Amino acid sequence: MKLFGWGKYPVIQVEESYFESIEQLKSKLSIPGDYIVHGMGRSYGDSALNRRVIFSSKFNKILNFDPINGVVICESGMTISELIEVFLPRGWFLSVTPGTKFITVGGAIASDVHGKNHHKAGCFSEFVRSFDLMLSNGEIVHCTRENNSELFRATCGGMGLTGIILTVKLKLQQIQSSFIRETLISCKNLEEIFNLFEEHSLVTYSVAWIDCLAKGKNLGRSILMLGEHEDSGKLNHSFKQKWMVPFDLPHICLNRYSVSLFNHFYYNLTPKYIREHLVRIDNFFYPLDKIAHWNRLYGHRGFTQYQLVLSKESSFEGLKKILQMIGASGLGSFLAVLKLFGTQNDNYLSFPKKGYTLALDFKIHPKLFSFLRELDRVVLDHEGRLYLAKDVRMAREVFIKGYPKYEKFEELREMMEMKMKFNSLQSKRLGV
Ligand SMILES: Cc1cc2nc3c(=O)[nH]c(=O)nc-3n(C[C@H](O)[C@H](O)[C@H](O)COP(=O)(O)OP(=O)(O)OC[C@H]3O[C@@H](n4cnc5c(N)ncnc54)[C@H](O)[C@@H]3O)c2cc1C
């Protein structure tokens with residue numbers, strides 16, 4: 001079959017297989033060759049691609065729930081969306097959730113995903129009590145922060161390169177309502193949005209849409225969205241995908257003029273200040289999930305998301321420079337997001353570190369990769385790094401400078417013979 005990540009680039013021919021039980025998986029791994037496990041394929045690039053791919057989607061049962069402490073034990077192919085269906089009506093929600101719910105629990109751990117509350121709560125792995133991991137020889141190891149802690153730290157954020165995550169014990173957070181109290185504030189420029197992020201750093205959720213093509217005095221103009229869980233009310237949940245992009249749009253549709261026009265209207269039509277209106281959890285956390293196949297908007301060549309984080313001290317200067325370069329190139333898209341990260345954890349390859357992160361989409365274009373290499377230099381000059389879950393073209397040099405614990409990760413891979421069994425196109429490109 002043909003397979004691709006969310007960015008629809010690259011598209012490769014793969015041999016696919018599934019497993020429903022541990023025995024099935026063990027016998028698959030005993031066949032010589034290397035594999036990568038594939039969850040919902042919501043990573044943008046090539047981290048879940050290899051010539052042989054094992055899908056986790058049939059390994060997706062809930063095994064246990066402790067209603068006093070909100071601790072669920074489930075199989076790693078379970079999606080966040082399925083967890084929400086079951087637990088939101090009972091008053092429980094994910095402690096950390098990314099901007100789509102169509103991801104698996106295994107994928108969330110492997111990318112150690114972050115949400116709009118990283119500055120307060122940290123990454124997904126902070127709420128993972130334990131997991132079982134199948135190693136390259138079929139052995140199953142129970143990993144917690146205390147036992148097999150090296151494997152725990154390497155697997156959270158380890159992009160499927162340490163083994164296959166099987167069952168997971170996950171702590172949910174209690175909620176009283178399926179609504180979020182949201183405040184929207186529009187900001188004229190980068191300085192204003194930075195000041196507002198800092199001013200509201202005690203608010204649980206914060207994220208900003210940023211106009212990546214604005215220039216001059218408008219550079220960095222954005223809309224800050226703040227949110228808190230509503231503390232009483234109903235706990236009902238219903239979700240429908242309202243729209244669908246039926247086919248790949250002609251790639252010419254998204255260009256600097258259409259994106260600038262969209263950004264202009266989006267910024268100017270959003271009221272300057274909306275205080276604490278109620279929005280459904282799905283609308284607050286997963287606005288894009290409403291549009292099925294929205295990745296077709298970028299055309300048949302596909303797209304990539306470039307997500308960087310810069311150290312807190314140099315975030316302002318670095319982002320200013322990066323936004324100037326993007327504005328001058330005219331290559332950015334309307335999906336550009338700015339977030340404040342809190343302290344980094346001690347996993348070897350987790351992406352977040354204290355500072356600001358910018359994520360933005362670029363459609364694949366002949367000039368794109370040389371432009372992104374210029375951005376890479378600015379990112380490294382500002383003590384930054386790129387997110388592996390979004391990446392499709394990073395060079396090894398950029399990876400090793402951005403992730404100083406890469407040696408520990410590579411040593412472990414070598415020592416436990418993981419390199420023989422678990423590889424992705426990304427790990428081969430990065431030489432991990
Ligand atoms: C619209 C959208 C919004 C997003 N927003 C955010 C965000 O806000 N924050 C954020 O951090 N990320 C975000 N992401 C990225 C996404 O959360 C991650 O890429 C996540 O890992 C995808 O999970 P998946 O199940 O689709 O995994 P896949 O994309 O299939 O795989 C991702 C990686 O996980 C590994 N993996 C999957 N299952 C297992 C397993 N059982 N055992 C071991 N390894 C495994 C794969 O090998 C691969 O390396 C977003 C993506 C989209 C499309």
Side-chain angles (χ1 to χ4, degrees), residues 3-8 19 25 34-50 52-60 74-82 94 96-118 122-125 131-135 143 151 154-168 205 207 285-295 297 303-305 307 309 335 337-339 341 349-352 357 359 361 387-392 418 421-427 430 432:
L3 190 65
F4 43 83
W6 188 244
K8 301 187 86 181
F19 67 100
L25 181 62
D34 65 343
Y35 300 82
I36 196 70
V37 64
H38 194 96
M40 288 289 279
R42 254 47 179 198
S43 50
Y44 280 67
D46 53 0
S47 68
L49 299 180
N50 194 7
R52 289 183 212 85
V53 168
I54 300 179
F55 284 85
S56 66
S57 54
K58 294 187 179 170
F59 190 69
N60 64 343
C74 66
E75 293 175 340
S76 60
M78 183 97 206
T79 62
I80 284 188
S81 153
E82 288 161 336
L94 280 302
V96 166
T97 177
T100 174
K101 60 181 181 171
F102 298 125
I103 70 162
T104 61
V105 171
I109 297 176
S111 297
D112 202 7
V113 299
H114 56 270
K116 297 173 173 58
N117 56 349
H118 186 276
C123 287
F124 193 86
S125 65
F131 54 80
D132 286 346
L133 185 72
M134 188 175 284
L135 302 177
C143 303
L151 268 178
T155 301
C156 297
M159 304 310 292
L161 301 173
T162 57
I164 299 186
I165 301 161
L166 301 171
T167 52
V168 178
Y205 299 107
V207 64
F285 290 106
Y286 317 115
L288 285 169
D289 285 351
K290 288 251 145 77
I291 311 170
H293 302 295
W294 65 259
N295 52 350
L297 287 171
F303 70 109
T304 184
Q305 186 169 97
Q307 182 165 3
V309 57
L335 281 175
V337 169
L338 185 67
K339 283 182 206 161
F341 278 160
L349 299 184
S350 286
F351 167 67
T357 178
D361 293 351
Y387 191 10
L388 291 166
K390 310 286 175 77
D391 159 60
V392 75
M418 294 163 179
K421 214 29 112 189
F422 304 115
N423 293 300
S424 59
L425 294 191
Q426 180 179 58
S427 72
L430 293 175
V432 177

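Whatever order the structure lists them in is the order used to number ligands and atoms, beginning at 1. Residues: numbered from 1 along the sequence shown. Predicted, not measured: the structure shown is a model, and the values here were computed from it.
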Exercise. For ligand 1, which part of Ile165 has a heavy atom less than 4.0 Å away: the side chain, the backbone, both, or neither?
Worked result: both
Exercise. Under 30°, 30 to 60°, or over 60°: which ring-plane class applies to Trp294 and Phe303, parallel, tilted or perpendicular?
Worked result: tilted
Exercise. Taking only heavy atoms of Tyr387, which atoms of ligand 1 are found under 4.0 Å from at least one of them?
Worked result: 10 (C), 11 (O), 12 (N)
Seminar exercise, completed: In ligand 1, the atoms that come under 4.0 Å of a heavy atom of Ser76 are 41 (N)
Exercise. Does Gly41 come within less than 4.0 angstrom of ligand 1, counting non-hydrogen atoms of the residue?
Worked result: yes
For this session: Could you tell me which atoms of ligand 1, counted from 1 in the order shown, lie closer than 4.0 angstrom to a heavy atom of Ala110?
Result: 34 (O), 35 (C), 36 (N), 44 (N), 45 (C)
For this session: Specify the protein heavy atom at minimum distance from atom 24 (P) of ligand 1: its residue, its atom name, and the distance to 0.1 Å.
Result: Met40 N, 3.4 Å
Problem set entry | Minimum-distance protein heavy atom relative to atom 9 (N) of ligand 1 | His114 O, 2.8 Å
Exercise. Which bit of Trp294 is near ligand 1, meaning a heavy atom under 4.0 Å away: side chain, backbone, both or neither?
Worked result: side chain
Problem set entry | Close aromatic pair by centroid cut-off 6.0 Å: Phe285 and Tyr205 | yes
For this session: Provide the number and element of each atom of ligand 1 under 4.0 Å from a heavy atom of Lys390.
Result: 13 (C), 14 (N), 15 (C)
For this session: Starting from the C-alpha separation in whole Å, work towards a yes-or-no answer on side chain to side chain contact (heavy atoms under 4.5 Å, CB included) for Leu288 and Leu335.
Result: CA-CA 10 Å; Leu288 285 169; Leu335 281 175; 4.1 Å; yes
Exercise. Nearest protein heavy-atom contact for atom 17 (O) of ligand 1: which residue, which atom, what distance?
Worked result: Val113 CG1, 3.5 Å
Exercise. Under a 4.5 Å cut-off applied to non-hydrogen side-chain atoms, are Asp361 and Tyr44 in contact?
Worked result: yes
Seminar exercise, completed: the protein heavy atom lying closest to atom 23 (O) of ligand 1 turns out to be Ile103 CB, 3.4 Å
Exercise. Does Ser76 use its side chain to pair, donor to acceptor, with the backbone of Ile165 at less than 3.5 Å?
Worked result: yes
Exercise. From Ile164 CD1 over to Asp132 CG, what is the distance, rounded to the nearest 0.5 angstrom?
Worked result: 13.0 Å
For this session: Please say whether Ile164 places an N or O atom under 3.5 Å from an N or O atom belonging to ligand 1.
Result: no
Exercise. At a 4.0 Å threshold, what atoms of ligand 1 neighbour a non-hydrogen atom of Met159?
Worked result: 47 (O), 49 (O)
Seminar exercise, completed: Nearest non-hydrogen protein atom to atom 39 (C) of ligand 1, with distance, is Val37 CG1, 3.3 Å
For this session: With heavy atoms of Lys339 as the reference, note each atom of ligand 1 found under 4.0 Å away.
Result: 8 (O)
Exercise. Nearest to atom 8 (O) of ligand 1, what protein heavy atom do you find, and at what distance?
Worked result: Gly99 N, 3.0 Å
Problem set entry | Any donor-acceptor N/O pair, Thr104 side chain to Gly107 backbone, under 3.5 Å | yes
Problem set entry | Minimum non-hydrogen distance to atom 48 (C) of ligand 1, winning option of Gly77, Ser47, Gly160 | Ser47
Exercise. Can you list the atoms of ligand 1 that are under 4.0 Å from a heavy atom of Ser43?
Worked result: 19 (O), 22 (C), 28 (P), 29 (O), 31 (O), 32 (C)
For this session: With heavy atoms only and a cut-off of under 4.0 Å, state how Phe351 meets ligand 1: side chain, backbone, both or neither.
Result: neither
For this session: Could you tell me whether some N/O pair between Thr100 and ligand 1 is separated by less than 3.5 angstrom?
Result: no
Exercise. Under 3.5 Å, is there a donor-acceptor pair between the side chain of Ser111 and the main chain of Val113?
Worked result: no
For this session: Look at the side chain of Thr155 and the backbone N and O of Leu151, then say whether any donor-acceptor pair between them is shorter than 3.5 Å.
Result: yes
Exercise. What protein heavy atom is closest to atom 26 (O) of ligand 1, reported as residue, atom name and distance in Å?
Worked result: Arg42 N, 2.7 Å
Exercise. For the atom pair CE (Met134) and NZ (Lys421), what is the distance rounded to the nearest 0.5 Å?
Worked result: 11.5 Å
Exercise. Are the side chain of Asp112 and the backbone of Ser125 linked by a donor-acceptor contact shorter than 3.5 Å?
Worked result: yes
Exercise. With no hydrogens and no angle check, is any side-chain donor or acceptor of Tyr387 less than 3.5 Å from a backbone partner on Gln305?
Worked result: no
Exercise. Hey, does Gln305 sit under 4.0 Å from ligand 1 if you only count heavy atoms?
Worked result: no
Exercise. So which heavy atom in the protein is nearest atom 13 (C) of ligand 1, and how far is it from that ligand atom?
Worked result: Pro98 CB, 3.7 Å
Exercise. Closest approach of Gly77 and Glu82, non-hydrogen atoms and distance?
Worked result: O-OE1, 4.3 Å
Exercise. Looking at ligand 1, does Tyr44 have a heavy atom less than 4.0 Å from it?
Worked result: yes
Exercise. Going through the distances and angles, do Phe351 and Phe341 end up as a ring pair (Phe, Tyr, Trp, His ring centres under 6.0 Å)?
Worked result: CA-CA 10 Å; Phe351 167 67; Phe341 278 160; 5.8 Å; yes
For this session: Might you work through the side chain to side chain contact (heavy atoms under 4.5 Å, CB included) test for Met40 and Ser57, ending with a clear yes or no?
Result: CA-CA 7 Å; Met40 288 289 279; Ser57 54; 5.6 Å; no
For this session: Check ligand 1 against Ala389 and write out every atom of the ligand that is under 4.0 Å from a heavy-atom position of the residue.
Result: 19 (O)
For this session: Examine Ala48 against ligand 1 and note whether any of their N/O atoms are separated by less than 3.5 Å.
Result: no
